[in-house]
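Here is the structure we will look at, set down as structure tokens.
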Amino acid sequence: MGLLHAAILNTLPNVEVNVLCDKGALIRKFCKRVFDGVRVVDDLEKLSGLDLDVVYVTTPIPSHFIVTKTIYSNAISRNVFIEKTLASSYDESKKICELAQSFGAINMVGYMKRFAVTFRKAKDLLDQDALGELVSFDAYAYSSDFLGSEKSSKASASRGGVLRDLGAHVVDLALWFFGDLEVDSAKLESLVEGGSEDFANFRVKKSDGLEGWFSVSWCKENYRLPEFGLVIKGSEGFMRVNDDEVELKLNDEKSSRWYRHDLNDNVGFLLGAPEYFREDDYFIKSVLENRNVEPGFHTASKVDYIIDQVKSRAGK
Amino acid sequence: MGDGRKKILLVGDNPFHGISHLSQEQARVRGKAMIYPEYAANLVVTSLENEANGFMFSVSETTLSILQILHEREGDKRPGLYALVPYAFEYVRLATQLGTSGLAKKFAKQIMVSGNVRAIAMGLKGVIRMDPVTLLKTYLIYEISRIKSSAGKQANLESLLLHEIITDMGLALNLDWLFKSYVDFMLKLGIKPGFDTRNFAYLVKKFNGWGINFHDVIIAAPFNKVGFQMDPSKRECETALATLDEPNVIAISILAAGYLKPLEAIEYIESLPNIKGVAVGVSKEQHARETFKLLKNRLG
């Protein structure tokens with residue numbers, strides 16, 4: 001993710017990638033050979049005094065708290081972007097929010113699905129009350145990343161388990177669409193040897209009566225690419241949205257469908273997916289214009305709150 | 001306006017990898033048959049029998065099996081091969097499961113097991129010196145040897161194209177040495193160097209700035225009536241295309257992942273200058289017959 005963000009940032013006007021920090025000696029040696037004019041360091045504290053406008057944290061999730069703390073306490077930069085999730089627990093998230101309150105300026109967490117044209121369209125339709133009074137939703141996040149793995153690996157652990165790696169995106173979308181939610185019941189399972197978190201099912205409720213169900217797995221067959229989606233039911237009909245399309249079916253009417261093609265999906269530079277460019281462009285413009293962004297740390301901490309609740313309800 | 005020249009017609013491999021850029025659900029609905037090499041090889045043969053001139057594919061275990069089947073069944077025919085490397089999806093998937101260092105170890109082991117002495121020697125040199133150009137050459141020799149061992153030594157490897165993720169990351173990070181080294185090395189091997197990109201206008205601007213001669217290379221980029229994946233805009237891609245001196249672009253995604261009907265897609269391609277050929281994926285025998293006959297009538 002670090003390289004992807006560095007590449008996109010390098011295409012934006014007014015942005016220059018100055019310095020890379022990595023603990024791995026081999027990676028550092030390689031980066032020095034590959035990137036002309038970019039300083040490569042082995043220790044975060046060596047970023048002090050470089051007068052950096054922005055730092056991107058793209059390390060494994062368990063390190064987000066300590067890395068961010070070091071950035072703020074050494075005044076490395078006041079503007080910080082952290083790849084999702086904000087931290088590996090709600091406690092750590094709260095501490096990061098406090099640090100940002102004291103020492104930070106503009107901050108953002110990489111919940112890039114908010115920048116996908118299909119989910120934006122869904123959000124617009126919900127804001128227009130297209131479905132009437134919301135009744136329930138089903139949300140999923142699936143991939144085949146660990147399908148067929150016989151035992152859990154360091155890689156799966158460094159990704160923070162399936163809830164943080166995949167589930168976090170769809171939890172963030174649900175919070176964005178519906179507002180604050182509380183976990184009612186949860187099941188969290190390991191499908192492979194080694195006790196990793198591979199599969200989660202949980203139910204949430206909102207104070208106004210809205211109910212939702214989540215299903216998250218990275219051992220799902222036929223999900224070559226990770227896929228995220230929701231089916232939302234309201235008094236006036238239902239909506240189905242995923243990475244590729246939005247379908248709206250109102251009572252007694254024909255359904256309407258929008259693909260990415262219909263929703264102006266072009267960006268300044270396409271790498272990985274259009275949403276990465278939109279996310280980085282939005283963050284940088286916000287820093288330049290000194291305006292707050294969403295999802296900022298406080299908003300993103302709510303995802304960690306839900307994940308902690310799921311684990312607690314599941315007895316983990 | 002189009003240049004009226006005959007175009008190369010390539011059958012693409014996206015359906016064989018379970019890819020649909022319209023919707024992943026559509027890819028799942030197509031079912032697993034598509035990814036079985038025997039089924040896919042039949043579709044490639046049908047396309048070739050219906051006027052396709054070649055096969056554009058990412059180098060993966062699936063496509064290597066397809067090449068092997070084609071070689072065994074149609075050994076005397078040598079369709080033009082346009083190979084994309086690396087098959088980024090597979091490497092990302094392995095990195096997901098094994099971590100980056102695990103992936104590097106697995107890859108090194110594969111090169112050792114391949115017994116390709118040149119690749120092994122070059123790879124060792126590259127690792128010791130941590131020299132990216134030598135490592136790149138090692139990788140290319142390895143991939144070419146995989147293709148030839150499946151498709152036969154006499155295979156007609158027209159072009160080896162760098163996958164979009166490498167091309168576009170290299171463009172974004174201003175890695176001019178990567179592009180120049182790649183072009184020089186491939187030309188020495190007698191294979192046309194190619195670049196797959198989702199940022200065609202940006203690539204044209206960079207290549208012009210770096211002095212890379214378009215005459216030496218092939219570019220694969222999306223061109224379709226609705227501007228799908230034509231970034232930053234359809235208009236800027238069309239303008240950049242018009243600046244080239246000769247046709248050296250393979251248009252991909254001409255159907256915008258199935259969003260467009262073949263006829264309207266082809267009419268748009270006909271209107272463009274400097275298109276050398278098109279690549280289209282097919283998922284059924286009938287689809288292969290109809291599509292390539294139509295392409296031949298209008299473009300071939």
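Naming: A, B, ... by sequence-line order, numbering from 1 per chain.
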Could you tell me whether a side-chain N or O of A:Asn266 sits under 3.5 Å from a main-chain N or O of B:Met230, the two making a donor and an acceptor?
yes
Under 6.0 Å from the CZ atom of A:Arg257, do we count more than 12 heavy atoms belonging to anything else shown?
yes
Is the shortest heavy-atom distance from the side chain of B:Trp177 to the side chain of A:Val34 under 4.5 Å?
yes
When you look at NZ of B:Lys180, are more than 12 heavy atoms from neighbouring residues, nucleotides or ligands closer to it than 6.0 Å?
yes
A:Leu271 and B:Met169: which non-hydrogen atoms are nearest, and at how many Å?
CD1-N, 3.9 Å
Going by the rule ring pair (Phe, Tyr, Trp, His ring centres under 6.0 Å), which residues pair with A:Phe137 if we only count those two or more places apart in sequence or in a different chain?
A:Phe178, A:Phe214
Got a donor-acceptor contact below 3.5 angstrom from the B:Asn199 side chain to the A:Leu270 backbone?
yes
Are more than 12 heavy atoms from other residues, nucleotides or ligands located less than 6.0 Å from atom CG of A:Leu50?
yes
Taking atom NZ as the centre, does A:Lys233 end up with more than 12 heavy-atom neighbours from other residues, nucleotides or ligands that are less than 6.0 angstrom away?
no
Segment of A:Leu9 engaging chain B (4.5 angstrom heavy-atom cut-off):
neither
Which bit of B:Ile165 comes within less than 4.5 Å of chain A, counting heavy atoms only: side chain, backbone, both or neither?
both
How would you list, by chain and number, every residue that makes a side chain to side chain donor-acceptor pair (under 3.5 Å) with A:Ser88, sequence neighbours excluded?
A:Glu92
Which heavy atom of B:Ala256 sits nearest a heavy atom of A:His261, and at what distance?
O-NE2, 2.8 Å
Any side-chain heavy atom of A:Phe30 within less than 4.5 Å of one from B:Pro132?
yes
Give a yes or no answer on whether the side chain of A:Asn10 reaches the backbone of B:Ala172 with a donor-acceptor pair at less than 3.5 Å.
yes
Provide the closest heavy-atom pair for A:Phe269 versus B:Asp168 in the form atom of the first, atom of the second, distance.
CZ-O, 3.2 Å
For B:Lys206, is the NZ atom crowded, meaning more than 12 foreign heavy atoms sit under 6.0 Å from it?
yes
Among B:Asp231, B:Val226, B:Asn174, the residue with the most heavy-atom pairs under 4.5 Å to chain A is B:Asp231
More than 12 heavy atoms of other residues, nucleotides or ligands under 6.0 Å from CZ of A:Arg39: is that the case?
no
B:Tyr259 vs A:Tyr259 aromatic rings, parallel, tilted or perpendicular, using cut-offs 30° and 60°?
perpendicular
